[in-house]
Number of protein chains: 2
Amino acid sequence: MKTKENLSKSENTSKKTTKEKIFDTSIDLFSQKGFNTVSVREIAREVGIRESSIYNHYKNKEAILDAITDYFISELAQSGQITGNMDELIIQGPEVFFEVGGKLFIERMNRAKNEKIWRIIAIEVFHNDKIRNFFRNELLEEPLKSWENIFNIMMEKNLIKPSNPRTLAYEYFSFAIFLFFEYYVLKYNDDYESFMDLALDKMSKHSEFILNAIKV
Amino acid sequence: MKTKENLSKSENTSKKTTKEKIFDTSIDLFSQKGFNTVSVREIAREVGIRESSIYNHYKNKEAILDAITDYFISELAQSGQITGNMDELIIQGPEVFFEVGGKLFIERMNRAKNEKIWRIIAIEVFHNDKIRNFFRNELLEEPLKSWENIFNIMMEKNLIKPSNPRTLAYEYFSFAIFLFFEYYVLKYNDDYESFMDLALDKMSKHSEFILNAIKV
DNA sequence: GTCTATACTTCGATAGAC
DNA sequence: GTCTATCGAAGTATAGAC
């Protein structure tokens, strides 16, 4: 979509249009201070224009956040296409599937590349309807359905112990949501690298625990 | 603390002091619309005074939220004292402990009685330092430590399979945090009863899953 | 002690000139 | 497209009435 893909969000080069500068600057500021704390005047000052000029590019302040959300949703949708032949993967058993699934998860987190937007999603999920609905549907319900389906297939093929696949989906995937909140909200400190390391280590231990609990 | 304990937050009787009215009205409004969306003038109108009068009772708008948080923290601290003879409980095995632990958890959720304040905690946890620190320390780290200790004792007494007690604490308790966010944030709709029913059902299934995974 | 009138500053947003 | 000028509403502060 658009021309965003090849642009780093932080470089404010003169090649960027004013609208792009507003977009990128807003991501920086919203992720640091939250939507409400950032004023339109502050964005304008950072971009180098008067505050009224903002309204030539975006209907209002909310529309900037909307644009950021839309951009992020479309980025994530693209990275979600990597499914392909999942059945072949499933029949290789839960060990292999968890490993590949974990890598896909990381790829998805990094593909929808901007860690700053993940942070915005995290802190505005309770104040913004669009973000909340996106989170609930695309980041919670859809993955839960997928995992329920996966565990269901594994049970039918006797690859794991029989149990309730919906419960199993919750047991496995809710931990990822917990980690998201733990690091992006409760412990966030701009140190993105350590977040990823810690979260991946914890997710790996979690996979191991689940694996031991369900393997035949 | 203070005189809050015996007052229902919703009844705006004339017996209440102005400060109490401000306090209670703010809880209602903040839980419905969020801190930022509520104006001081709106609180004042609801209470029946001018906005400038608010400042005779609270330093500023933030101080009202601070008072609500402090009240809630002290309420929760009181309900946390119910520990007592935990060792006796532990040696009865994980089944009994999970059941009693679940009941204590519910009691704690209901004792710190105001579901409205739980909602405020949930939606302001990312915008307010005091709330975030409270959540991270008292609702996440402390319970994790307790559960780590509990699982450690159970392992020493060979009541459960040997594993990493810290990992086990995360496996068990992070699900409660997930449920909190799922219902108070992502799916909140003023229907508090159904939240409790659904969450308790899910937590019960989760306990069962963990139990099957760790029992000897 | 409690409340009000009033003013100050900053915010999001609009209109119109260049 | 960007500017200046301006608006109403927000959070806040205080002097003074009762």
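All figures in this text were calculated on a predicted structure; none of them were measured in a lab. To find a chain, count down the sequence lines: A is the first, B the second, and so on, and within it residues start at 1.
- Here the side chain of A/S52 is nearest to one of D/dC3, C/dT4, C/dT2, namely D/dC3.
- Taking all atoms of both residues into account, the shortest heavy-atom contact from B/L139 to B/F173 is O-CE2, 3.2 Å.
- Here C/dA5 presents its C1' atom at 10 Å from CD of B/E51, a figure rounded to the nearest Å.
- A close approach under 4.0 Å does occur between a side-chain nitrogen or oxygen of A/Y55 and OP1 or OP2 of C/dA13.
- A ring-centre distance under 6.0 Å is not found for B/F178 and A/F178.
- One atom, CD of B/E42, and another, P of D/dG11, lie 9 Å apart when rounded to the nearest Å.
- Nearest heavy atom pair, residue B/K205 against residue A/E171, reads O-OE2, 4.5 Å.
- Atom CD1 of B/I22 and atom C1' of C/dC3 are 11 Å apart (whole Å).
- Rounding to whole angstrom units, CG of residue B/N36 and C1' of D/dG11 are separated by 11 Å.
- For the segment residues 58-69 of chain A, the set of residues with a heavy atom within less than 4.0 Å of an atom of DNA chain C comprises A/N60, A/K61, in numerical order.
- For A/S53, the side-chain atoms get nearest to D/dC3 when compared with the rest of D/dC3, C/dA13, C/dC3.
- Rounded to whole Å, atom P of D/dG1 lies 13 Å from atom CD1 of A/I54.
- Panel note: side chain A/H206, backbone A/Y172; a donor-acceptor pair is recorded below 3.5 Å.
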Quiz item: Given the rule in the side-chain hydrogen bond (donor to acceptor under 3.5 Å, both in side chains) test, do B/N128 and B/E62 qualify, once you have shown the distances and angles that lead to the verdict?
Solution: CA-CA 9 Å; B/N128 184 281; B/E62 190 88 24; 3.1 Å; yes

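- Between the side chains of A/Y170 and B/E182, at least one donor N or O lies within less than 3.5 Å of an accepting N or O.
- Of the listed nucleotides (C/dA13, D/dC3, C/dC3), C/dA13 has the atom at the smallest distance from the side chain of A/R41.
- When the nucleotides D/dT12, C/dT4, D/dT4 are ranked by their closest atom to the side chain of A/R50, D/dT4 comes out on top.
- Interatomic distance, NZ of A/K130 versus CD1 of A/I68, reported as 11.5 Å (0.5 Å rounding).
- Listed pair B/H57 / C/dC3 meets the phosphate criterion, a side-chain N or O lying under 4.0 Å from OP1 or OP2.
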